[in-house]
Number of protein chains: 2
Amino acid sequence: MREVLAQAAFQLFLERGFERTTVDDIVARAGVGRRSFFRYFPSKEDAVFPDHERCLAEMTEFLAAADDSDPVGAVSDAARIVLRMYAANPEFSVQRYRLTREVPGLRTYELSVVRRYEQTLAGHLRSRFGEDGDGALRAEVIAASVVAAHNNGLRLWLRSGGEGDPEVAVDHALALVREAWGRPAASTASTAPAVPEASTAPVVPFAVSGGGDGDGEVVVMVARKGTPMWRVVQQIEAAVGEN
Amino acid sequence: MREVLAQAAFQLFLERGFERTTVDDIVARAGVGRRSFFRYFPSKEDAVFPDHERCLAEMTEFLAAADDSDPVGAVSDAARIVLRMYAANPEFSVQRYRLTREVPGLRTYELSVVRRYEQTLAGHLRSRFGEDGDGALRAEVIAASVVAAHNNGLRLWLRSGGEGDPEVAVDHALALVREAWGRPAASTASTAPAVPEASTAPVVPFAVSGGGDGDGEVVVMVARKGTPMWRVVQQIEAAVGEN
DNA sequence: TTACAGAGGGTACTGAGTGCCATAGTCTCT
DNA sequence: AGAGACTATGGCACTCAGTACCCTCTGTAA
């Protein structure tokens, strides 16, 4: 039934476009009641990505069983799981890609899906790197890199119409990431110098009327050297105005 | 009017929550017609992020004027523009952060905003790296890394309640990215293009010696109203000093 | 047979977002 | 001053996604 609905929906989306297809249209073609649609898909967008939940679960399971010795390799392999899901149905994936490119609502929805993959990868890396120090930072940056690399290779394949093997492009992209992050780089983390807090107002803005029309007005500011940048900007924004 | 609506909306979101606030509630509090709301904000979510459009335009402008010698440094500095927008209104940013964490719809919306920043950065890198070979790949991965690093530092600051200087965490995070992807060394602040614009210099900084030790020194700046924020900041950074 | 459970269907409602038109203020040209 | 145009705003009606509530049907166990 879920399958029937997903297929009916996808057909209609290709025929009339996503926005010009109502849920009533979908359930009419599928021959079911409108209420049933929302039983199987929380939203209209979900019908376009019917298999991501399963794929996400698969990735989670894979990472839980992964070897601890090479976390970056593990998340790279986890990303390949997603790739294979796409590669398993080239024509569907390509059509969906074209559809998603056209429809802003679907693009946004896809972002939230990708984000969940990314967070799953980041969570795994975090658990290996540790939460403290730069562990969380490295985890998130590497996860983002892996996802970006994967998506680059995947899009390359999708734009080609689903011809050939997508894994070669993705492998190459992931190799580039591994080259940058894979080896344990000597962290030259220099603890940033603490900026002293000025108790007195660091910035004193004056608005001075200029030519006569309000637009040529000039703002004069006085700041102490060493004032934190954000505090200066805060004052200036208030003075210069948002326009 | 836009401002009035945004404030009324944000108040109500904090009071009753996002979903439990209808557009009718907002326009009632703002004292305007319902139709006007959608004139200023395409969707209810947009009212929560009223300044991202301007910030994105600012970033685009900044990158268009950026030096070609150090693309990674340029996109890092571009990311700092976003940071400063958050830092300019700490209490608002923190409240919005907490709100966004709670509401799935807002999280998704924020993702689409972040994505646009990322694509802007990637576009700039792509134009410098070249589209061919690994140029596009490197551009997208580095853009994703920069965004992830920026967001990590930003979230750290937001979770702290907006205390202190967010730039130190973000600088540190961006340094980690630069270490992995950028060329060696090159402090970010020192690459700031030194001045410029003989025609209409928007900012004229003066350093005036103060007490005797260099720390009490005072800087006087003059800016025309309507000057792009990033240009002002650029000048001030050169004058106030990097730290 | 009744009791029950679970899948699907139907109806009415809320609320976001849009299209269309009316009205008021402002600017310009003569 | 007055006609015409342009812009900002309000009002109204409509579509459609998503939800709450209740109904029917079917199969199973006692």
Side-chain angles (χ1 to χ4, degrees), chain A residues 1-50 52-53 96 99-100 102-113 212-215 242-243, chain B residues 1-50 52-54 99-100 102-113:
Chain A
M1 169 124 236
R2 206 183 127 89
E3 188 58 29
V4 174
L5 278 165
Q7 270 187 311
F10 198 73
Q11 275 183 0
L12 284 164
F13 294 160
L14 291 181
E15 291 172 15
R16 322 182 187 174
F18 181 78
E19 353 238 16
R20 295 187 57 77
T21 302
T22 72
V23 174
D24 291 294
D25 296 336
I26 298 169
V27 298
R29 174 162 303 193
V32 302
R34 167 185 163 76
R35 193 63 187 78
S36 294
F37 179 88
F38 291 103
R39 259 190 256 282
Y40 288 97
F41 302 102
S43 75
K44 213 172 82 170
E45 285 83 3
D46 281 281
V48 182
F49 304 90
H52 272 299
E53 286 303 323
R96 177 170 65 182
L99 185 63
T100 304
E102 304 296 320
V103 183
L106 289 178
R107 279 207 305 272
T108 301
Y109 183 88
E110 196 181 37
L111 280 181
S112 72
V113 174
D213 59 347
D215 215 26
E242 58 300 316
N243 57 49
Chain B
M1 166 126 238
R2 207 182 128 88
E3 187 59 28
V4 174
L5 279 165
Q7 271 188 310
F10 198 74
Q11 275 184 0
L12 284 164
F13 294 159
L14 291 182
E15 291 171 17
R16 322 181 187 174
F18 181 78
E19 353 239 14
R20 295 186 59 76
T21 302
T22 73
V23 175
D24 290 293
D25 296 335
I26 298 169
V27 297
R29 175 162 304 194
V32 301
R34 167 186 164 77
R35 198 65 185 74
S36 294
F37 180 88
F38 290 104
R39 261 193 226 34
Y40 287 97
F41 302 101
S43 75
K44 211 172 82 170
E45 285 83 3
D46 281 281
V48 183
F49 304 91
H52 272 299
E53 285 303 323
R54 187 175 49 77
L99 186 63
T100 304
E102 304 297 318
V103 183
L106 289 179
R107 279 207 305 271
T108 302
Y109 182 88
E110 195 181 38
L111 280 181
S112 71
V113 173

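Each chain gets a letter, A, B and so on, in the order the sequences are listed, and its residues count up from 1. Values below: all heavy atoms of this structure, side chains included; hydrogens, waters and symmetry mates excluded.
At distances below 3.5 Å, at least one donor-acceptor pair connects side-chain atoms of B/Arg2 with backbone N or O atoms of B/Tyr40.
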Reading nucleotides 5-16 of chain C from the 5' end, what letters show protein touch, with B for base, S for backbone sugar-phosphate only, - for no heavy atom under 4.0 Å?
---BBB----SB

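In this structure B/Glu45 satisfies the side chain to side chain donor-acceptor pair (under 3.5 Å) test together with B/Ser43, sequence neighbours excluded.
With rounding to whole Å, A/Arg16 atom CZ is found 11 Å from D/dC16 atom P. The interatomic distance linking A/Arg20 (CZ) with D/dA17 (P) rounds to 13 Å, in whole Å.
Note that CD of A/Gln11 and CD1 of A/Ile26 are 11.0 Å apart. Values are rounded to the nearest 0.5 Å. In this structure, CZ on A/Phe49 lies 4.0 Å from OG1 on A/Thr100, to the nearest 0.5 angstrom.
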List the steps and the verdict of side-chain contact (heavy atoms from CB on, under 4.5 Å) for A/Val32 and A/Val4.
CA-CA 9 Å; A/Val32 302; A/Val4 174; 5.7 Å; no

